[in-house]
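Written out below as structure tokens is the structure these notes cover.
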Amino acid sequence: MTGRFGASAIFILTGAGISAESGVETFRDKGGIWSKVRLEDVATPEGFARDPEKVHAFYNDRRAGLADVDPNPAHRALARLERDFPGRFTLVTQNIDDLHERAGSQDVVHMHGELSRCLCGHCGAKADAPAALSTTTACHACGRTGGMRPDVVWFGEMPYRMEEIYRRLVEADLFVSIGTSGAVYPAAGFVAEARSSGIRTLELNLEPSEGTFLFDEARHGLASALVPAFVEAVLADVPSAGRPR
Ligand code: APR
């Protein structure tokens, strides 16, 4: 058991709130993405089938926006934790941005996919996404056009790597949820799964999430302050831990 939390295996779940201070829009805050565009139109297979160019424009715009944002102290603190924590460490994110990777995180489980990747609806092949996708984008594998889509998990689709996620969740002894409203399953159900496995649970969020009552402890404030303080506390008793970068 290590660190002031006495944890030997930490499982972290992040949501849009960890990227908010980097300038990436969240979904359900006041003025958030879903107050400006209907998720049925841009985040469902039906919406893509109905108007693929509208969906491409939505994700092309968000992909282009990645060039204008940088990781914040919360992303960097989690990269430090992965580097210096001697126990098992899992980072699962609902986010499709690349800020965890750009902060130095090595093993990021993107359960909702990634803006920087694309997927062929015809043959299933995946590749790094070009700057802009369209209905004329040809698949590098099957050569066909019309099927290429962002490699993003839409509502009604199965998130990625769920078996691995649940295996790593039940092996943890500390579950920390950061920057998520707890509004979307299956991620919103992870805290209940952790509790039923006797795992200690902590929420770090700007405001109480929908599942805040399920957490052993909840700290509310800005991720850029809460997350570095949490990481500092975990690593406080770890002699080999480096200093924050
Ligand atoms: N620091 C910490 N928390 C913050 C900050 C901040 N600076 N800013 C906002 N938050 C919190 C909000 O209080 C809110 O609870 O982050 C949460 C963001 O919630 P959502 O916008 O609902 O985003 P998220 O929970 O990641 O959404 C889950 O829904 O639309 C789908 O696929 C999409 O992955 C997304 C999923």
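Atoms within a ligand are numbered from 1 in the order they appear, just like the ligands themselves.
- Side-chain contact check for Ser224 and Asn72: no donor-acceptor pair (N or O, by modelled atom type) lies under 3.5 Å.
- Within ligand 1, counting atoms from 1 as listed, the ones closer than 4.0 Å to a heavy atom of Glu207 are 13 (O).
- With 3.5 Å as the limit, one finds no donor-acceptor pair spanning the side chains of Thr145 and Thr136.
- A continuous path of hydrophobic side-chain contacts links Ile33 to Trp154 [ILVMFWY only; heavy atoms under 4.5 Å].
- Of all the atoms in ligand 1, the ones that sit under 4.0 Å from a non-hydrogen atom of Glu21 are 1 (N), 6 (C), 7 (N).
- Side-chain polar atoms of Thr201 and Asp216 form a donor-acceptor pair below 3.5 angstrom.
- By the 3.5 Å distance cut-off applied to N or O atoms, Phe155 is not counted among the residues near ligand 1.
- Of all atoms in ligand 1, listed by their number and element, those nearer than 4.0 Å to a heavy atom of Gly15 are 26 (O).
- The Ala20 neighbourhood of ligand 1 comprises atoms 8 (N), with distances under 4.0 Å to a heavy atom of that residue.
- Regarding atom 27 (O) of ligand 1, its nearest protein heavy-atom neighbour is Arg28 NH1, 3.1 Å.
- Annotation: atom 5 (C) of ligand 1 to nearest protein heavy atom, Gly17 O, 3.5 Å.
- In this structure, Arg144 and Cys123 have side chains that are in contact, with non-hydrogen atoms separated by less than 4.5 Å.
- Ligand 1 has no nitrogen or oxygen under 3.5 angstrom from a nitrogen or oxygen of Gly182.
- Of the candidates Val152, Thr180, Thr26, Leu222, it is Thr180 that places a heavy atom closest to atom 25 (O) of ligand 1.
- In this structure, Gly179 counts as a contact residue of ligand 1, since one of its heavy atoms falls inside 4.0 Å of the ligand.
- For atom 11 (C) of ligand 1, the closest non-hydrogen atom on the protein side is Asn205 OD1, 3.4 Å.
- The protein heavy-atom contact nearest to atom 30 (O) of ligand 1 is Trp34 NE1, 2.9 Å.
- Put simply, the residue from Arg28, Gln94, Glu203, Glu210 that forms a side-chain hydrogen bond (donor to acceptor under 3.5 Å, both in side chains) with Thr180 is Gln94.
- For the pair Glu157 and Arg149, the salt-bridge criterion is met [side-chain N within less than 4.0 Å of a carboxylate O].
- Using a 4.0 Å cut-off to heavy atoms of Asp29, the atoms of ligand 1 that qualify are 9 (C), 12 (C), 13 (O), 14 (C).
- Shortest contact from atom 35 (C) of ligand 1 to any protein heavy atom: Phe27 CE1, 3.6 Å.
- Under the 4.5 Å side-chain heavy-atom criterion for ILVMFWY residues, no single connected hydrophobic cluster contains both Val109 and Ile12.
- When each of Leu91, Leu13, Leu78, Thr93 is checked for a side-chain contact (heavy atoms from CB on, under 4.5 Å) with Ile178, only Leu78 meets the rule.
- With a 4.0 Å heavy-atom cut-off, ligand 1 is reached by the backbone of Leu206 and by its side chain too.
- In this structure, Gly221 is part of the shell of residues with a heavy atom less than 4.0 angstrom from ligand 1.
- Neither Tyr59 nor Leu133 shares a network with the other; the hydrophobic side chains, linked directly or stepwise wherever heavy atoms of I, L, V, M, F, W or Y lie under 4.5 Å apart, form separate groups for each.
- Looking only at heavy atoms of the protein, atom 28 (C) of ligand 1 is closest to Gln94 OE1, 3.4 Å.
- Of the protein's non-hydrogen atoms, Ala16 CB, 3.5 Å is the one closest to atom 23 (O) of ligand 1.
- A donor-acceptor pair is defined here as one N or O able to donate and one able to accept, closer than 3.5 Å; such a pair exists between the side chain of Asn95 and the backbone of Ala16.
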Before giving the answer on side chain to side chain donor-acceptor pair (under 3.5 Å), spell out for Asp97 and Ser19 the whole-Å C-alpha distance, their side-chain angles and the decisive distance to 0.1 Å.
CA-CA 8 Å; Asp97 65 52; Ser19 298; 2.8 Å; yes
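- Here the protein heavy atom with the shortest distance to atom 1 (N) of ligand 1 is Ala223 N, 2.9 Å.
- Using a 4.0 Å cut-off between heavy atoms, His112 contacts ligand 1 through its side chain alone, with no backbone atom that close.
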